[in-house]
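Heads up, the thing below is written out as structure tokens.
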Amino acid sequence: MNAPLTIILTGALVAASCSLVGTFLVLRKMALLGDAISHAVLPGIVIAFLFTNSLASFPALVGASVVGIATVFLVEALHRSRRLYEDTSIGVVFPALFSLGVILVSVYAGQVHIDTDCVLYGEIGLSNLDEWIVGGKSLGPRSIWVTGGVMLFDLLFVLAFYKELKLVSFDPDLAASIGYSPMLVHYLLMTVVSITVVASFESVGSILVVAMLVVPPAAAYLLSAQLINMILIAIAIAVASSAAGYAFARSVDCSIAGAMAFSAGLFFLAAFFASPRNGLVARIVLRWRLRERLTRQLLLLHLKARVTVEEARTLQPEDLVVRFGWSRSRIDRAVRRLRANGLIESSGGRLWLTQAGKAALDREGTAVLAHR
Amino acid sequence: MQSTASFLSGSKASIPPLEVHDLTVAYRTQPVLWDIDLSLPEGYLIAIVGPNGAGKSTLLKAVLGLLRPLTGSVKIYGAPYAQRRSWVGYVPQRESVDWDFPTSALDVVTMGLYGRIGWFRRPSQRHTDLAYQCLEKVGMHDFALRQISQLSGGQQQRVFLARALAQEARLYLMDEPFAGIDATTERAVLTVLQDLRKEGKTVVAVHHDLQTVAEYFDYVVLLNMRLVAAGPVGTTFTQENLQLTYGGRLTVLSQAAEALLAQRPGVKEAEMK
């Protein structure tokens, strides 16, 4: 397999599996827990390394997962003592474990060839060089096997527990009352997150892992109304980010993992601004339309009230500026629109309700504007 | 209705749907419920009434095993809750969940069936049909595929009610089903409650509106940290009992609780609600 394809595929597999489990972290408002786990597992990796002399081994995975689960447990325990908020608990636990890992690395520096830079930034660019060799025969890049295995594992997990994950994330009290222990599902998810994080970041570094756990699901959250769509969109964004990131890194010669994470950020920004339902632009447009319609409604009602007090044909747009504090352009837009609909007429700077406008207003009230 | 008859005559009662014995619940040092003894009759619409902080929601949560009581026990039709899960339907307070969650009304109602479906298995077409029927009963059939954030507060409340109906329980526990809803929803909720009563089901609902207690419910539990009174609305929902529940003067027990509190104040009372 050639280098670019290996790198992109590794990145895409990591990104997809992180987004898959990250979706549930985001929905459970625990996005930072993935971040914390990805740092806190360091002592687990170091201790496993001291026993096995291998960084990319099954024991390292187990050691790291155990510490990952311990992180979750400690955070829960601190939070449940009701003396700390949950985010504070996370903030206390993960530096404690991470620093422990850093101390272990430096104390055993002679034996441990762990480069903290490597843990943070990974070496995805070299992923095609490390081949998995069994019995003298190469089976291709090891990173593909590891990250592919993790993806499959996560996929099976979510498929098996989809209903349970959804229930517990949405309404833990109902879940508990009908016999689905939220704690059990919580720890299952956290175990899977730990395994995913640990297995992934040996291949790609923690920056990409932390980004992919949260950013694609967050973007997908803004774009979807159903959980299944959120998962699929998150995975699509994750895969697209890794391809776009690789191309970007190639063109400006920068960190590949960094560029992939950065691309995910750009996708998020796009969703944040342009999501048809929740995007900033959509919201601004909606608010603008509501305001414009309200202007027309008030203008109509005002004209109608004027008619009854025999002030017809005396009202000028300038009076409205004074009365409502509206800008002249806002009033002009409303007048243009209402004239086009035949509801009002204006001449010589004066405004009045047309017969048709009056009839429609009497008949339908301000609902008259709903379809005009 | 056999159970009704036995309740009215006071003769050989059937097993009560809900029995609470010596129940005391505290959040840390803050007592919320004190020594509650309660036995509720089958086939009635029962209101739990009391001031804010009286422990009404706490009582429901303790019954459902969502909180661990300091002392005491709860029995549902004569057995612990764990053995009676499928007999109990629950309508939590609407604010207890995040309505921005990416899911549809139909999905939420189907969740009421998860208890019956069990681990690993997927809801089948039969379950979906059932969920649709329950939405129909609360007038929400047309909104089945809407994302829940697109529903009004009253519609969300009806979705929760439909979910409880999907549980096909014998005892329903509802936390403020009438709170903050529109007139249409209020009628829908009331109709559902009356239908449940016709079917011989028991409904225990936390209710905040004293004006409508006598109109909507048959039986009332007056609660203010301790049990003030429980009985048929006609004889129990009296001025005197309400005075005892809401009146300015605290009862002896809650004074004791206050004294305890003053000694060892909780750290984050506000968060406990």
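Naming: A, B, ... by sequence-line order, numbering from 1 per chain.
Of the possible polar contacts, one joining the A:Y180 side chain to the B:Y114 backbone as a donor-acceptor pair under 3.5 Å is found. Of the possible polar contacts, none joining the B:Q147 side chain to the A:Q226 backbone as a donor-acceptor pair under 3.5 Å is found. The main-chain N or O of B:R121 is found under 3.5 Å from a side-chain atom of A:K163 such that the two form a donor-acceptor pair.
Residues A:L174 and B:Q167 form a side-chain contact, since some pair of their non-hydrogen atoms from C-beta on lies under 4.5 Å apart. Put simply, the side chain of A:F170 reaches to within 4.5 Å of the side chain of B:I148, judged on heavy atoms. The side-chain heavy atoms of A:L159 and B:R122, taken from C-beta on, include a pair separated by under 4.5 Å. The shortest side-chain heavy-atom distance between A:L227 and B:T103 does not fall under the 4.5 Å cut-off. For the pair B:P102/A:I228, no side-chain contact is recorded, criterion being any heavy-atom separation below 4.5 Å from C-beta on.
Across B:W119 and A:G179, no two heavy atoms sit closer than the pair NE1-O, 4.1 Å.
The environment of NZ in B:K75 is sparse: at most 12 heavy-atom neighbours from other residues, nucleotides or ligands sit within 6.0 Å. Atom CG of B:N52 sits in a sparse spot, with 12 or fewer heavy atoms from other residues, nucleotides or ligands closer than 6.0 Å. Around CZ of A:R291, the count of heavy atoms belonging to other residues, nucleotides or ligands within 6.0 Å exceeds 12. Remark: A:Y162 OH is packed, more than 12 non-hydrogen atoms of other residues, nucleotides or ligands lying under 6.0 Å away.
Atom CZ of B:F120 sits about 4.0 Å away from atom CZ of A:F161, to the nearest 0.5 Å. Here the straight-line distance linking atom CG of B:L113 with atom CD1 of A:I178 works out to 9.0 Å at 0.5 Å rounding. Between the CG atom of B:D98 and the CG atom of A:D171 there is a distance of 11.0 Å, given to the nearest 0.5 Å.
B:V88 does not touch chain A: none of its heavy atoms, backbone or side chain, sits under 4.5 Å away. Contact of A:S177 with chain B is made through backbone and side chain together, with heavy-atom distances under 4.5 Å. Contacts between A:T23 and chain B at a heavy-atom distance below 4.5 Å are absent for every atom of the residue. With a 4.5 angstrom heavy-atom cutoff, A:V26 does not touch chain B via any of its atoms. Residue A:K29 touches chain B through its side chain alone, counting heavy-atom pairs closer than 4.5 Å.
Your options are B:D100, B:L64, B:L145, and the one with the most heavy-atom pairs under 4.5 Å with chain A is B:D100. Between chain A and the options B:G65, B:P92, B:G118, B:G89, heavy-atom pairs under 4.5 Å are most frequent for B:G118. In terms of heavy-atom pairs under 4.5 angstrom with chain A, the leader among B:Q150, B:K61, B:R163, B:R116 is B:R163.
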